[in-house]
Amino acid sequence: MHIPDGFISPQTYLPAYVLAGCAWVYAARRVRRALGDETVPRLAVLTALVYALSLVMLPLPGGTSVHALGVGLLALLFGIWTAFLAYSLVLALQALLFGAGGLTALPINALAMGLAGAATAVGVYRLLGPRRETVAVALAGWCSVTVAALLVALVLGLQPLIASAPDGTPRFFPFGLEITLPAVVLPHLLLGVAEAALTVLVWRYARARGWVTGADRRSPSPAMSSGEIQE
């Protein structure tokens, strides 16, 4: 799902950097107040797991690929802003070390997968968690992947309209929404099933280890006792 360098126009990634930069600063301030001595090792372990999982990319016909995100799991356990910051670090390391994604596309990848994916997961959990927790966690994982894929497909598909030569030839990504939406979103609808199963599996492990409180299911993690996930 990573957008590589060269596919996104400056008209898109420069404003995205401004927006993402503001979000990163805000997230850093929130995370500094929210994380405790017990939470940091857990966050490090699960971020490393997400990093490893998202490096396993399955190629698809047409030049695309799919991979697990894990950002929904991070959001449920640590909150939206912590998950966004952690996943942004994952994306930056992958771009710098393995060429997965790109630096010009980093803010878009971070906003689509990290922020929107995390916010979607928490929103779905809030709606369903008090009634059926396992279903809520599974749907949170599935929806986080689907929404991220939809946003990536929209950004890519709009590039021919945003940046084109005087004769109408696209300067960057050449395919419109009629290509990007089915090519990106449909495979991730299926990947979301595996993402949902993985999210539930790790969630249950975290609950068994006492990382998740059951007293207030609107707050998925003890780390969120300071109220981070409430916003």
Side-chain angles (χ1 to χ4, degrees), residues 1-3 8 13-55 67-98 100-126 137 140-141 143-145 147-149 151-152 155 195 198-199 202-203 206 211-212 218-231:
M1 191 191 299
H2 293 69
I3 302 176
I8 303 298
Y13 69 72
L14 291 178
Y17 254 117
V18 174
L19 180 59
C22 294
W24 285 326
V25 170
Y26 179 76
R29 292 176 178 173
R30 295 296 300 271
V31 170
R32 189 181 302 116
R33 296 197 301 265
L35 292 184
D37 293 339
E38 293 183 358
T39 309
V40 171
R42 299 171 186 174
L43 177 61
V45 169
L46 290 173
T47 301
L49 173 63
V50 169
Y51 177 82
L53 288 173
S54 59
L55 280 177
H67 62 82
L69 289 187
V71 70
L73 175 65
L74 291 175
L76 292 178
L77 290 174
F78 301 103
I80 295 172
W81 295 104
T82 303
F84 168 58
L85 204 60
Y87 206 78
S88 296
L89 176 62
V90 167
L91 291 170
L93 289 175
Q94 289 177 349
L96 291 170
L97 300 179
F98 298 98
L103 292 180
T104 57
L106 176 61
I108 297 168
N109 288 329
L111 290 171
M113 289 183 269
L115 186 54
T120 298
V122 170
V124 171
Y125 183 90
R126 282 178 174 174
V137 172
C143 289
S144 66
V145 172
V147 169
L151 292 175
V152 168
V155 171
E195 182 91 13
L198 176 65
T199 303
V202 181
W203 172 270
W211 297 1
V212 182
R218 291 173 300 172
S219 299
S221 170
M224 296 304 105
S225 59
S226 63
E228 177 181 349
I229 203 168
Q230 304 304 322
E231 296 183 5

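Note that these values count all heavy atoms, side chains included, but never hydrogens, waters or copies made by symmetry. Values in this document were obtained by computation on a predicted structure and should not be read as measured data. FYI, the numbering just counts along the sequence from 1.
A distance of 12.0 Å separates CG of L91 from CD1 of I108, quoted to the nearest 0.5 Å. Considering CE of M113 and OG of S88, their distance stands at 9.5 Å, rounded to 0.5 Å. Note that CG of N109 and CG of L115 are 13.0 Å apart. Values are rounded to the nearest 0.5 Å. To the nearest 0.5 Å, atom CH2 of residue W203 and atom CG of residue L198 are 14.0 Å apart. Atom CG of L151 is separated from atom OG1 of T120 by 7.5 Å, given to the nearest 0.5 angstrom. The structure places CG of L76 at 7.5 Å from OG1 of T199, a figure rounded to the nearest 0.5 Å.
Aromatic ring orientation, Y26 versus W81: perpendicular (interplanar angle above 60°, classes split at 30° and 60°).
Minimum heavy-atom separation, A112 to A148: O-CB, 3.5 Å. In this structure, L93 and Y51 approach most closely via the heavy-atom pair CB-CE1, 3.8 Å. Nearest approach of W24 to A110, heavy atoms of both residues: CZ2-CB, 3.9 Å. In terms of heavy atoms, S144 sits closest to A121 at CB-CB, 4.2 Å. In this structure, A86 and L43 approach most closely via the heavy-atom pair CB-CD1, 4.3 Å. Minimum interatomic distance between F84 and A27 (heavy atoms only, all atoms of both residues): CD2-CB, 4.0 Å.
Counting only heavy atoms from C-beta outward, the side chains of T82 and T39 never approach each other to under 4.5 Å. Side-chain atoms of L69 and V50, non-hydrogen and from C-beta on, never get closer than 4.5 Å to each other. Counting heavy atoms from C-beta outward, L96 and L103 have side chains that approach closer than 4.5 Å.
Between the side chain of T47 and the backbone N or O of A44 there is no donor-acceptor pair closer than 3.5 Å.
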Under the criterion side-chain contact (heavy atoms from CB on, under 4.5 Å), I'd like the reasoning laid out for Y17 against L106: C-alpha separation, chi angles, the key distance, then a yes or no.
CA-CA 8 Å; Y17 254 117; L106 176 61; 4.0 Å; yes
V155 vs V152, side-chain contact (heavy atoms from CB on, under 4.5 Å): CA-CA, chis, key distance, verdict:
CA-CA 5 Å; V155 171; V152 168; 5.9 Å; no
